[in-house]
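Only this structure's heavy atoms are used, side chains among them; waters, hydrogens and symmetry mates stay out. Note on naming: letters A, B, ... go to the chains in the order of the sequence lines (proteins, then strands), and numbering restarts at 1 for each one.
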Protein chains: 2
Amino acid sequence: MAGKVEERKKKLREALIDAAEAQIETGGLATLKARKLAQVAGCSVGAIYNVFDDLDALVMAVNARTFRRLGSFVSAQVAAQTDDGPNAQMITMSHAYLRFAVEHTFLWRALFDLEMSVDGAVPDWYLQELGAVFALIAAPLARLFPDMDARARDLMVRALFSSVHGIVLLGLEKRISAVPQDQIEIMLTQLLGQIGN
Amino acid sequence: MAGKVEERKKKLREALIDAAEAQIETGGLATLKARKLAQVAGCSVGAIYNVFDDLDALVMAVNARTFRRLGSFVSAQVAAQTDDGPNAQMITMSHAYLRFAVEHTFLWRALFDLEMSVDGAVPDWYLQELGAVFALIAAPLARLFPDMDARARDLMVRALFSSVHGIVLLGLEKRISAVPQDQIEIMLTQLLGQIGN
DNA sequence: TTATTTATTGAACGTGGTTCAAGGCGAGGT
DNA sequence: ACCTCGCCTTGAACCACGTTCAATAAATAA
């Protein structure tokens, strides 16, 4: 009867991530509470700490899921698009990013709200997923600037990603722009349409 | 002897804002605690709540100061620059924004970290300051796109501000880019140098 | 089965924002 | 000068929350 513990632990781990994800999705990161979580996942408060170092570690696990979902969503949108040139491709990606942020606002927010607090120790999966996203952007950019050296292009990839992120972030922030989604799309289109022309 | 209460209240208000600002500047928003604050400002914990509704309101007061400082810093940098055209002007503004964020990281962060939580009720001073910043950007943009209608230009102003913000935000985030300050400047220069060409 | 090790529990601890009943103090009237 | 009224101030107490830990239960080994 060996391995019963491992199995239960894995089950609990999944249950906790599911419960945390559901809570973040509906109420946001701030509404995630240890006691409520234990109740939903069907365990004691203390049990959480047998599986995760602390709640931040649990949120990181949720973020890992979210990040993968985001990456494959953007990829899928790009793949489903007929190739109308590098600018159109980048615009498609940015619109996909926006749509994900709109449809999963709290989960998307948690990606950035949590990591800010955790200094040092960037997990491996994080850099991997980020690298995948950057690679997606790098492809059309290489077509636009074939003579640009890799270092400069890498910098431009980050700049563009950050720009899109900023536009989506502040665009969804009621108190700053109060801009409806289609206006945000126009902003993204305008910005990315200008690149390389 | 009329107005003694008002006077003391005003003094306490200033003392509290000063103490809160100092704490945020050195330790970040998360290290701001009511008890410590009362101790530094020389009052009881309860007294804070006679002057401010809650700690968020106090942080808002700090943010008002920070926002004004940010605005005048960017203005000053632009004014101190010989006019090398609209792109150069926007680049100067973005570099000033970056420099402010680097030199007052915690205060700058508090501008965005707090407001996110406070829904509704955007204070008047906030929109005013934001409008001033947007007006700064609108000037060079009007020179670049003289035939663009006001609505589209307004959208572009927001898009550019958001882009710069995004580049600075993620650029200062160790876990995402770990990009040194001069690299961030290059990103900003590249992006804004492309606009309108 | 019994012993030993490991997991689980939930009450308790520490921290921190916010409240409130009790006492203090300024302003106006006498 | 004194009294009175109402606001200010105080800090102990309240509540919510993350995290811990001694006690309990369960699983593995002998």
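Taking atom CG on B/Leu16 and atom C1' on D/dT9, their separation rounds to 13 Å, with Å as the unit. When the P atom of C/dT9 is taken as reference, atom CG of A/Leu37 falls 14 Å away, rounded to whole Å. The interatomic distance linking A/Lys11 (NZ) with C/dT8 (P) rounds to 13 Å, in whole Å. In this structure, B/Lys10 places its NZ atom 18 Å from C1' of D/dC8, rounding to the nearest Å. Atom-to-atom, CD of A/Gln39 to C1' of C/dG10 comes out at 14 Å; the value is rounded to the nearest Å. What separates CD1 of B/Ile48 from P of D/dC8 is a distance of 16 Å, to the nearest Å. What separates CG of B/Leu114 from P of C/dG17 is a distance of 13 Å, to the nearest Å.
Remark: side-chain polar atoms of B/His95 are paired, donor with acceptor, to backbone N or O of B/Glu185 under 3.5 angstrom. Checked by atom type and distance alone, the side chain of B/Asn87 never pairs as donor or acceptor with a backbone atom of B/Gln194 at under 3.5 Å. With hydrogens and angles ignored, the 3.5 Å screen pairs a side-chain donor or acceptor of B/Asp54 with a backbone N or O of B/Ala57. No donor-acceptor pair closer than 3.5 Å links the side chain of B/Asp84 to the backbone N or O of B/Gln89.
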Using nucleotides 16-20 of chain D, report all nitrogen or oxygen pairs with the protein that are shorter than 3.5 Å.
unit_1	atom_1	unit_2	atom_2	d
D/dC17	OP1	A/Lys33	NZ	3.2
D/dG18	OP1	A/Leu32	O	3.1
D/dG18	OP2	A/Ala34	N	2.8
D/dG18	N7	A/Arg35	NH1	2.8
D/dG18	O6	A/Arg35	NH2	2.6
D/dT19	OP2	A/Tyr49	OH	2.9
D/dT19	OP2	A/Leu55	N	3.3

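In this structure, A/Leu70 CG and A/Phe100 CZ are separated by 5.0 Å, a value rounded to the nearest 0.5 Å.
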Residues 144-153 of chain A, side-chain donor-acceptor partners within the protein, below 3.5 Å, at least two apart:
unit_1	atom_1	unit_2	atom_2	d
A/Asp149	OD2	A/Arg151	N	3.2
A/Asp149	OD2	A/Ala152	N	3.4
A/Arg151	NH2	B/Gln183	OE1	3.0
A/Arg153	NH1	A/Phe145	O	3.3
A/Arg153	NH1	A/Met148	O	3.4

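A close approach under 4.0 Å does occur between a side-chain nitrogen or oxygen of A/Asn50 and OP1 or OP2 of C/dT8.
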